[in-house]
Enquirer: 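The following block contains the structure, expressed as structure tokens.
So that the names make sense, note that chain A is the first sequence line, chain B the second, and so on, each numbered from 1.
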Amino acid sequence: MESLSVDEQQAASSSSTSPSAPDTRPTSISPQKRRRVEDSTNAAPHASLLKRMGGPSAGKAGLALDQAEINRRIYEASKGSKYFENERRNDERITRKVEAMLARMDERLRAVPEGGPEWLAIEKKADALASKLESTRDLSRHIVHCDMDQFYGAVELKRDPSLKGKAFGVGKGVLVTASYEARAYGCRSGMATYIAEALCPHLITVPNDMQAYVAASQDVMSIFRRFDSNLAQASLDEAYLDVTDHCRINGVGVDDTIAELRRQVREETGLTVSVGVAPNTMLAKIGSDKNKPDGQFRLEATASDCIDFMHALPVRKVPGVGRVTERILQALGVETCGDIWRLRVRIALVLGDGDLEWLLRYNLGIASSIVEPGKREERKSVGREHTFQPTNDPERLLELLRESADRVAEDLKKLDFVGKRVTLTCKAADFQRFTRDQTQTGYVSQADDIFRITRTLLEHELKIQPGLSLRLIGARVSTLKDVR
DNA sequence: ATACATACC
DNA sequence: GACTGGTATGTAT
């Protein structure tokens with residue numbers, strides 16, 4: 001029973017107040033408070049850990065080595081490091097969470113036998129929810145997601161053409177991007193450089209130059225703005241546009257419009273961009289990946305095209321579904337967005353109605369069709385953090401905290417914000433992170449105030465955890481007020 | 001109000 | 001031996 005009993009009708013412009021970028025995800029189940037199992041360093045690696053060590057962006061196509069072999073090499077290279085141990089702990093925690101969820105599923109499935117009256121009632125409710133969602137589908141806009149190809153790497157290539165055709169990465173301790181040649185060896189953004197070098201011994205690494213990327217980004221965004229002056233910039237190298245009006249006013253089809261946008265970017269900046277066009281932001285974003293690099297993809301604006309497009313799509317490809325959510329869904333039997341429909345009753349039983357709603361949106365390919373620039377007053381926090389050689393010297397830690405506090409105050413001043421809540425962020429030498437915060441009675445923005453508050457929080461931690469060694473310290477101010 | 005987890009680039 | 005930084009948001013308590 002794969003076909004949807006949902007009306008194919010639509011129109012009704014989305015009245016949703018959701019933000020322009022797809023950003024919501026099913027919530028995860030509550031953490032369990034069971035005791036951590038003891039060291040199992042010598043045991044064979046759990047499949048999920050092997051995969052986890054492959055990194056969050058592992059699993060893309062075009063590899064010189066088999067992904068399983070890459071994961072094995074990454075595992076070998078990182079085994080025993082503090083980072084690795086922390087990943088192992090986190091992986092165990094998720095494994096326990098998934099086990100607890102499966103136990104709960106067994107229990108619920110016993111209480112609500114498949115095909116029984118209660119089961120059928122839940123199914124009916126899920127179908128009604130799907131119909132309701134279907135009635136909000138907006139197919140009237142040409143929503144565009146532009147994603148620059150290998151952006152930092154492309155900027156570096158422009159600067160140093162001798163890198164062309166070579167395996168190189170940008171970044172120092174950690175790669176922020178890898179060239180397509182390096183990706184073929186399994187090198188990925190977010191990967192430690194020493195791991196990348198283990199996978200690809202001839203890897204060239206170049207330091208990153210944010211200034212250059214910001215400048216290139218501004219050039220590209222100003223070209224995008226010719227097609228939608230109201231675009232939503234999602235990052236330095238990504239933007240959402242609504243080109244419906246541009247196409248109508250100029251009497252140009254959307255495919256030609258996008259070809260023209262790509263041509264202007266290529267000619268004026270020497271960079272290439274991949275583009276997805278679809279009726280909403282989620283579909284456009286997934287689409288921009290379809291013909292990468294230097295390609296464009298358009299999804300036909302009909303409900304059945306949207307549903308078919310999502311059907312075979314692995315849930316992990318949906319923006320907002322990360323590796324933890326992927327594991328939870330996998331345990332339920334949900335690998336693709338098509339599986340969501342088949343397993344809707346199980347999902348409702350185990351995860352609840354709220355999560356079912358988001359998952360049904362993925363299944364149906366329904367999301368916001370509203371593109372608007374991020375508003376300044378929507379800024380939620382301003383923070384700084386940095387990593388250093390682990391130390392337990394309290395004087396040194398306070399010095400480092402002072403630096404973060406100074407930089408946050410600088411940023412707040414530049415941005416004209418003051419805030420009420422002050423957060424201390426720490427990462428211990430073993431990579432475990434924690435935060436401590438305090439809400440003030442009045443607004444703060446001065447370096448001295450931010451330092452004084454975070455220092456008190458840090459000193460308290462040092463008192464209750466004597467000898468605490470840290471590798472990262474940061475300060476953040478939130479609950480902001482605009483004073484511009 | 002606080003702490004922490006997840007996600008994105 | 002070695003694995004970033006900045007921001008948003010959801011959940012639990």
Enquirer: Not counting sequence neighbours, list each pair that qualifies as a salt bridge (charged side-chain N to carboxylate O under 4.0 Å, His left out) and has a residue in residues 147-159 of chain A.
Expert: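 Sorted pair list: A:Asp149-A:Lys292, A:Glu156-A:Arg159, A:Arg159-A:Asp209.
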
Enquirer: If you take any heavy atom closer than 4.0 Å to DNA chain B, which residues from residues 436-445 of chain A end up in contact?
Expert: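 Within residues 436-445 of chain A, the residues near DNA chain B are A:Arg436, A:Asp437, A:Gln438, A:Thr439.
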
Enquirer: Using a cut-off of less than 4.0 Å, is there contact between a side-chain N or O of A:Lys380 and OP1 or OP2 of C:dT9?
Expert: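 Checking A:Lys380 against C:dT9: at least one side-chain N or O falls below 4.0 Å of OP1 or OP2.
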
Enquirer: Just grab all the salt bridge (charged side-chain N to carboxylate O under 4.0 Å, His left out) pairs involving residues 166-178 of chain A, residues at least two apart or on different chains.
Expert: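 Qualifying pairs, neighbours excluded: none.
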
Enquirer: Can you list the residues that meet the side-chain contact (heavy atoms from CB on, under 4.5 Å) rule with A:Arg72, with sequence neighbours excluded?
Expert: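 A:Arg72: side-chain contact (heavy atoms from CB on, under 4.5 Å) contacts with A:Glu69, A:Glu76.
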
Enquirer: Please enumerate all residues that pass side-chain contact (heavy atoms from CB on, under 4.5 Å) together with A:Ala68, with sequence neighbours excluded.
Expert: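 Once residues adjacent in sequence are excluded, the partners of A:Ala68 under the side-chain contact (heavy atoms from CB on, under 4.5 Å) criterion are A:Asp66.
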
Enquirer: Once side-chain contact (heavy atoms from CB on, under 4.5 Å) is applied, do any residues pair with A:Leu133, and if so which ones, sequence neighbours excluded?
Expert: A:Leu129, A:Glu357, A:Leu360, A:Arg361, A:Leu364, A:Ile366

Enquirer: Under 4.0 Å, heavy atom to any atom of DNA chain C: which of residues 419-431 of chain A qualify?
Expert: A:Lys427, A:Phe431

Enquirer: So, is A:Thr325 near the phosphate of B:dT6, with a side-chain N or O under 4.0 Å from OP1 or OP2?
Expert: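 It does not, given that no N or O in the side chain of A:Thr325 lies less than 4.0 Å from OP1 or OP2 of B:dT6.
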
Enquirer: In whole Å, measure the gap between the P atoms of B:dC8 and C:dC3 for me.
Expert: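 After rounding to an integer number of Å, I get 24 Å for this pair.
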
Enquirer: Would you please name every residue forming a side-chain hydrogen bond (donor to acceptor under 3.5 Å, both in side chains) with A:Gln150, sequence neighbours left out?
Expert: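 In terms of side-chain hydrogen bond (donor to acceptor under 3.5 Å, both in side chains), with neighbours along the sequence ignored, A:Gln150 is linked to no residue.
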
Enquirer: Considering the options A:Val176, A:Leu175, A:Val155, which one meets the side chain to side chain contact (heavy atoms under 4.5 Å, CB included) requirement together with A:Val170?
Expert: A:Val176

Enquirer: Could you identify which residues of residues 467-475 of chain A place a heavy atom less than 4.0 Å from some atom of DNA chain C, listed by residue number, or say none?
Expert: A:Arg471, A:Leu472

Enquirer: Within residues 194-213 of chain A, find the residues that approach DNA chain B with a heavy atom at under 4.0 Å, and present them sorted by residue number.
Expert: none

Enquirer: What pairs with A:Asp393 under side-chain contact (heavy atoms from CB on, under 4.5 Å), at least two apart in sequence or on another chain?
Expert: A:Thr391, A:Glu395, A:Arg396

Enquirer: Mind checking what makes side-chain hydrogen bond (donor to acceptor under 3.5 Å, both in side chains) contact with A:Arg402, not counting sequence neighbours?
Expert: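 Scan of A:Arg402 (side-chain hydrogen bond (donor to acceptor under 3.5 Å, both in side chains), adjacent residues dropped) gives A:Asp406, A:Asp448.
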
Enquirer: Looking only at the side chains, is there a donor atom on one of A:Gln296 and A:Arg262 sitting less than 3.5 Å from an acceptor on the other?
Expert: yes

Enquirer: Between A:Asp147 and A:Ile94, who's closer to the 5' end of DNA chain B by nearest nucleotide?
Expert: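 Result: A:Ile94.
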
Enquirer: Kindly say if A:Arg379 contacts the phosphate of C:dT7, meaning a side-chain N or O under 4.0 Å from OP1 or OP2.
Expert: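 Result: yes.
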
Enquirer: Centre of A:Phe431's six-membered ring, under 6.0 Å away, within 45 degrees of the axis: is that where NZ or CZ of A:Lys82 sits?
Expert: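 Geometry flag: not set, cation outside 6.0 Å or 45°.
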
Enquirer: Check this one for me: any side-chain N or O of A:Arg384 less than 4.0 Å away from OP1 or OP2 of C:dG5?
Expert: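 No, A:Arg384 has no side-chain N/O under 4.0 Å of OP1/OP2 on C:dG5.
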
Enquirer: Output yes when at least one side-chain N/O atom of A:Ser381 is less than 4.0 Å from OP1 or OP2 of C:dA8, else no.
Expert: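 It does, given that an N or O in the side chain of A:Ser381 lies less than 4.0 Å from OP1 or OP2 of C:dA8.
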
